[in-house]
Amino acid sequence: MSSGSSEQCSDDEGADLLPVVNDGDTVDNEEIRNIVQNYCTRSVGSTDTMVANNDYAETCRTTEEWDKEVDIDADNDAVIVEDEFSIPNDLIEGMCFTRKTDLQFALQGWAIKNNVQYIVIASNRTKFTIVCAKHDCPVYPCLWRLHSAQSKRLGGVWKISSIKNQHRCVSPILDSGHRQCNSQFISFYILPTIRKHMDLKPREIIGRMESKFNIKVSYMKAWDARRKAIKVVFGSWEESYRTLNLFMDAVASVMPGTVYRIQSTQTNRFQRLFWAFGPSITGWKYCRPVLSLDGTFLLGKYRGTLLTAIGMDANNGLYPLAFAVVESECTESWIWFLRQVNELLPVVTNRPNLCIISDRHAGLVRGCREIFPNVAHRHCLRHLRENFKKAIRQMGIGDVDFLCQKMYAAGNTDDKAFFNRCMEDMRRIKVDIHQWLVDRDVSRWSLINDGGFRFGVMTTNAAESFNGVLKRARGLPIQALITAIYYNIISMFMRRLEFIATEEQQNNNFFAPRVQTLVKKIEEEARRMPEPIRLNLNEFQVVDMSSRSYRVDILDGRRCKCSCEKPMLYHSPCSHVVCCLALLRRSHFEYVSPYYTTTNYKLSYSGEFHHIPNKDEWGEHNPISGIMPLLPPNYRRRSGRPRTNRYRNTMDEAQAGSSRLCGACHLAGHNKATCPTRFNRRN
């Protein structure tokens with residue numbers, strides 16, 4: 001059953017009303033969907049690597065780092081795109097253009113290629129006249145002049161009527177600050193590329209302009225050109241917010257089970273949006289009861305943060321469940337997000353043994369305590385490692401990397417003896433280190449003390465991996481962002497359904513492929529063990545190859561226990577249990593959690609997505625029913641290039657073993673400004 005709602009709250013003081021964009025400025029919704037769908041289809045290959053892992057990995061935490069990271073996006077510099085707007089080599093009288101914008105683009109491109117500049121002296125709906133920029137030069141004036149007009153006889157096309165004189169100011173030296181090479185021209189030039197590559201970056205635009213016109217544009221001009229091109233292709237940000245409630249109603253009407261909620265002020269200014277697609281909600285009940293929560297910054301005209309709740313399927317693949325667009329990753333926004341999950345998603349609220357994994361953000365800690373008091377809230381081991389590193393430095397202890405490795409190993413191990421040994425090693429170095437970890441509740445960050453709620457998942461890499469898949473879609477208007485997420489999930493569903501069908505035909509395994517590999521590995525370990533000793537009807541003693549003895553209990557109801565605690569942690573029998581079940585002539589498959597089976601894997605992706613209606617099929621705003629046009633949020637970005645400076649933390653530091661070298665002498669320990677050889681260089 002689809003549902004949608006809107007919340008209103010009091011306005012912020014000093015809120016400025018932004019003008020509403022007219023409907024004439026919108027772009028065809030069908031064209032937007034085709035562009036986004038094609039992009040998601042090409043990038044769906046990255047979902048094959050979207051699997052849960054507990055490896056430590058550094059991530060980009062600012063827009064500047066994200067833009068400089070070349071591994072995040074595919075290299076588009078060598079992609080050849082057919083230009084929709086042709087640039088003529090020569091201008092001749094009688095040349096016709098369909099629109100005035102095509103005429104202006106052709107003139108600008110011709111001027112840049114020939115290294116000449118002009119100024120506009122007359123421009124209206126029927127005529128366009130330009131002269132050379134040096135027409136008033138007192139020493140050597142250039143009398144070149146071009147006049148064009150709209151021809152009614154030819155059906156309204158624009159025609160170059162006359163070209164007088166020749167340019168006498170042509171210079172072989174290219175001017176980097178060319179008058180005609182503005183952001184508007186660059187935006188027209190990259191339009192075909194933007195339609196095929198939504199993740200085109202400013203640095204790639206700079207490279208394209210330099211290779212095509214031999215002119216180097218500034219980063220700010222390239223960024224502004226990209227913004228204008230996105231507006232032409234995907235519509236304005238203001239119009240996207242204005243019809244957001246109608247768009248979400250249309251999505252919920254065609255996909256049963258889809259839920260959403262929009263929070264706005266009393267003057268109908270957008271504040272927050274929460275949504276979850278129906279097929280994802282239906283399929284998540286067949287996944288493990290584990291949710292990873294994380295947020296990522298948006299890159300568009302308005303500031304904001306995308307919050308995500310990501311699950312885990314039978315094959316350790318990421319399973320997107322719920323999303324929200326909020327003002328920032330703050331305490332209030334996280335509490336609001338968790339409240340929507342609790343109220344709109346009964347499949348989560350009523351799920352037994354639910355586990356939420358997140359960083360130790362104050363909003364998440366408080367929200368889980370107040371809204372999900374009976375849920376196991378676990379902390380991301382990677383984020384805790386960074387907090388641990390910061391605490392060590394404040395204590396003034398050396399060898400920080402060694403202690404961080406010890407801490408991470410202690411949290412990621414399923415061996416109780418190894419965990420105690422790591423904790424004891426850190427206690428011997430300094431008692432405060434050991435006490436710092438104990439105060440964080442070892443059951444929240446260590447696998448061996450978890451109690452089996454995590455299913456072996458120790459980090460929020462799942463949520464962060466999906467955020468990385470969105471790439472530059474985070475810089476699109478909000479409706480295009482939702483559409484990009486929509487088609488990313490569809491592409492992921494279809495790719496995994498095809499993978500499941502292929503596996504059923506070739507292997508026909510009982511478990512998902514990655515789980516089946518682990519089960520076979522456990523079977524091989526069990527074959528190398530001696531025969532277990534049966535102590536009574538349910539209890540066994542097993543001695544492994546290292547002469548360590550384990551107690552195994554085979555209970556009723558397909559339950560088992562082992563003193564190694566792996567069956568409880570991973571919800572799958574260990575090699576000791578498999579050895580005992582073989583003695584009883586029982587199948588160990590029955591003791592593996594059903595969340596790992598191929599049946600659950602297939603049911604997770606059994607939901608069906610449907611076509612989103614075109615804009616002319618949406619509803620209309622109705623003040624009587626309370627469906628009003630929404631104004632853009634107050635958290636608009638400042639004018640100019642988005643600010644990327646922030647407080648640095650330990651996640652921004654280079655990995656151990658790497659050090660920055662001086663640019664002058666190429667030695668470590670200083671930079672070029674403080675190099676001891678700087679005085680010799682000056683002399």
(request) With sequence neighbours excluded, tell me which residues meet salt bridge (charged side-chain N to carboxylate O under 4.0 Å, His left out) with E327. (result) R272
(request) List in chain and number order the residues that pass side-chain contact (heavy atoms from CB on, under 4.5 Å) with K602, two or more places apart in sequence or in another chain; answer none if no residue qualifies. (result) I500, E504
(message) Among residues at least two apart in sequence or on other chains, which ones pass ring pair (Phe, Tyr, Trp, His ring centres under 6.0 Å) with Y596?
(response) none
(request) Output every pair passing salt bridge (charged side-chain N to carboxylate O under 4.0 Å, His left out) with a member in residues 312-325, not counting sequence neighbours, ordered by first then second residue. (result) D313-R496
(message) Is it the case that the side chains of Q435 and D439 hold a donor-acceptor pair, with the cut-off being a distance below 3.5 Å and no angle test?
(response) yes
(request) List in chain and number order the residues that pass side-chain contact (heavy atoms from CB on, under 4.5 Å) with T413, two or more places apart in sequence or in another chain; answer none if no residue qualifies. (result) D415, F418, F419
(request) I would like to know whether Y595 and Y286 meet ring-ring contact (aromatic ring centres under 6.0 Å, His included); could you show each step before the answer? (result) CA-CA 6 Å; Y595 295 126; Y286 300 104; 9.1 Å; no
(request) Return the set of residues passing salt bridge (charged side-chain N to carboxylate O under 4.0 Å, His left out) with K406 (not counting sequence neighbours), or none when no residue passes. (result) D425
(message) Going by the rule salt bridge (charged side-chain N to carboxylate O under 4.0 Å, His left out), which residues pair with R369 if we only count those two or more places apart in sequence or in a different chain?
(response) none
(message) Among V325, I482, D249, exactly one meets side chain to side chain contact (heavy atoms under 4.5 Å, CB included) together with L244. Which residue is that?
(response) I482
(message) Any donor-acceptor pair under 3.5 Å linking the side-chain atoms of T349 with those of N342?
(response) yes
(request) Could you point out which residue of W334, F337, F323 forms a ring-ring contact (aromatic ring centres under 6.0 Å, His included) with F274? (result) F337
(message) Is the positively charged end of R351 above the ring of W284, judged by distance under 6.0 angstrom from the centroid and angle within 45° of the axis?
(response) yes
(request) Would you kindly say whether N634 and R303 are connected by a side-chain donor-acceptor distance under 3.5 Å? (result) no
(request) Could you pull out all residues at least two apart from F388 that satisfy ring pair (Phe, Tyr, Trp, His ring centres under 6.0 Å)? (result) W436
(request) May I ask you to decide whether R261 forms a salt bridge with E343, counting only side-chain N to carboxylate O separations under 4.0 Å? (result) yes
Listing, residues 448-455 side-chain donor-acceptor contacts under 3.5 Å, not counting sequence neighbours, or none:
residue : atom : partner : partner atom : Å
N449    : OD1  : K416    : NZ           : 2.9
N449    : ND2  : S446    : OG           : 2.9
D450    : OD1  : R378    : NE           : 2.7
D450    : OD2  : G452    : N            : 3.2
D450    : OD2  : F453    : N            : 2.8
D450    : OD2  : R454    : N            : 2.8
R454    : NH1  : V457    : O            : 3.0
R454    : NH1  : M458    : O            : 3.4
R454    : NH2  : H379    : O            : 2.6
R454    : NH2  : R444    : O            : 2.6

(request) Please list, chain by chain and in numerical order, all residues satisfying side-chain contact (heavy atoms from CB on, under 4.5 Å) with R559, sequence neighbours excluded. (result) L555
(message) Let me confirm one number: the OG1-CD1 distance from T483 to I490, rounded to the nearest 0.5 Å.
(response) 10.0 Å
(request) Taking side-chain contact (heavy atoms from CB on, under 4.5 Å) as the test, write out the residues that go with F493, two or more places apart. (result) P279, S280, Y319, I489, Y605, F609
(request) Sequence neighbours left out, what passes side-chain hydrogen bond (donor to acceptor under 3.5 Å, both in side chains) with T296? Give chain and number order. (result) R474
(message) Taking the ring centre of each residue, are W618 and F247 less than 6.0 Å apart?
(response) yes
